[in-house]
Amino acid sequence: MSAVAEDPRSAPSLRWGILGPGWIAGTFARAVRSHTRSQVAAVGSRSKDRAERFATAHQIPTTHVGYESLVADPHVDAIYVASPHSEHREHALMAIEAGKHVLVEKAFTRN
């Protein structure tokens, strides 16, 4: 018996924040825009220039320098953690403590 997947556009809309503007984060941003009713509302990076370049490339309205600022943004419902693997646990827990939903791009910890 196979289950039929629901159309992702039928899910409730979320305002995503991307923590770490890497290559895979760009794929995530394009997928959100193309296949859901959600939006990427903000991106956070340790580098202002990198956040701004990523935001421009992906039509993201808000940038944050620093991850704490991103997870504190009241206009963000959920955080996509796209930082290096070694930082996933710390960043995911920071977002959870801020009351955000969290999606981690890959492994949660190194081991």
Side-chain angles (χ1 to χ4, degrees):
M1 180 178 197
S2 64
V4 176
E6 290 189 38
D7 185 335
R9 290 170 290 226
S10 67
S13 178
L14 292 172
R15 298 170 299 176
W16 286 94
I18 294 180
L19 189 153
W23 179 80
I24 293 175
T27 300
F28 175 79
R30 287 188 297 278
V32 167
R33 188 174 56 251
S34 298
H35 302 292
T36 74
R37 293 184 304 134
S38 295
Q39 65 176 319
V40 178
V43 60
S45 177
R46 293 174 296 204
S47 162
K48 179 180 179 182
D49 291 338
R50 192 155 186 225
E52 289 175 351
R53 283 194 309 271
F54 190 89
T56 298
H58 297 285
Q59 303 166 355
I60 300 170
T62 304
T63 60
H64 293 276
V65 178
Y67 303 137
E68 296 84 2
S69 175
L70 172 68
V71 301
D73 187 332
H75 301 290
V76 170
D77 303 312
I79 300 291
Y80 179 74
V81 177
S83 55
H85 292 166
S86 60
E87 306 299 317
H88 282 183
R89 180 180 182 275
E90 175 187 343
H91 293 153
L93 291 174
M94 178 189 339
I96 290 167
E97 288 173 9
K100 307 296 184 184
H101 304 283
V102 177
L103 175 62
V104 179
E105 76 172 5
K106 294 178 196 150
F108 182 65
T109 63
R110 286 185 275 183
N111 57 34

Review point. Linking I/L/V/M/F/W/Y whenever their side-chain heavy atoms sit closer than 4.5 Å, directly or via other members, would V32 and Y80 fall into one cluster?
Key: yes
Review point. Under the 3.5 angstrom rule, does the side chain of R33 hit a backbone N or O of V40 as a donor-acceptor pair?
Key: no
Exercise for review: Kindly compute the distance separating CG (D77) from OG (S38), expressed to the nearest 0.5 Å.
Suggested key: 8.5 Å
Check your understanding: Mind checking whether F54 and L19 sit in one hydrophobic cluster, side chains of I, L, V, M, F, W, Y counted as touching below 4.5 Å?
Key -> no
Review point. Is it the case that more than 12 heavy atoms not belonging to R37 sit under 6.0 Å from its CZ atom?
Key: yes
Review point. Within the distance-only criterion (no hydrogens, no angle test), does the side chain of R50 pair as donor or acceptor with the backbone N or O of P21 below 3.5 angstrom?
Key: yes
**Study point:** Which atom of I18 lies closest to which atom of A25, heavy atoms considered
**Key:** CG2-CB, 3.6 Å
Point to revise | Mutual orientation of the aromatic rings belonging to Y67 and H91 [parallel < 30°, tilted 30-60°, perpendicular > 60°] | key: perpendicular
Study note, to complete from the structure: Scanning both residues in full, the closest heavy-atom pair of G17 with L70 reads CA-CD1, 4.0 Å
Exercise for review: Tell me yes or no: between the side chains of H64 and D73, is some donor less than 3.5 Å from an acceptor?
Suggested key: yes
**Study point:** Atom of F28, atom of L103 and distance for their closest heavy-atom approach
**Key:** CE1-CD2, 3.9 Å
Revision key, fill the gap. Tightest non-hydrogen contact, residues A51 and V43, listed as O-CG1, 3.7 Å
Practice item. Would you kindly confirm whether I24 and V81 end up in one hydrophobic cluster when ILVMFWY residues are joined by side chain heavy atoms under 4.5 Å apart? Key: no
**Study point:** T56 and R53: side chain donor to acceptor below 3.5 Å
**Key:** no
Review point. How close do I79 and A95 get, heavy atom to heavy atom, and via which atoms?
Key: CG1-CB, 3.8 Å
Review point. In terms of ring plane angle, is the pair H88 and H85 parallel, tilted or perpendicular, where the classes change at 30° and 60°?
Key: perpendicular
Check your understanding: If you look at every heavy atom in R15 and A41, which pair is closest and at what distance?
Key -> CB-CB, 4.0 Å
**Study point:** From CG (L14) to NZ (K100), nearest 0.5 Å
**Key:** 11.0 Å
Practice item. Drop me the distance from T36's OG1 to W16's CH2, to the nearest 0.5 angstrom. Key: 9.0 Å
Review point. Checking S34 side chain against A31 main chain: does a donor-acceptor pair fall under 3.5 Å?
Key: no
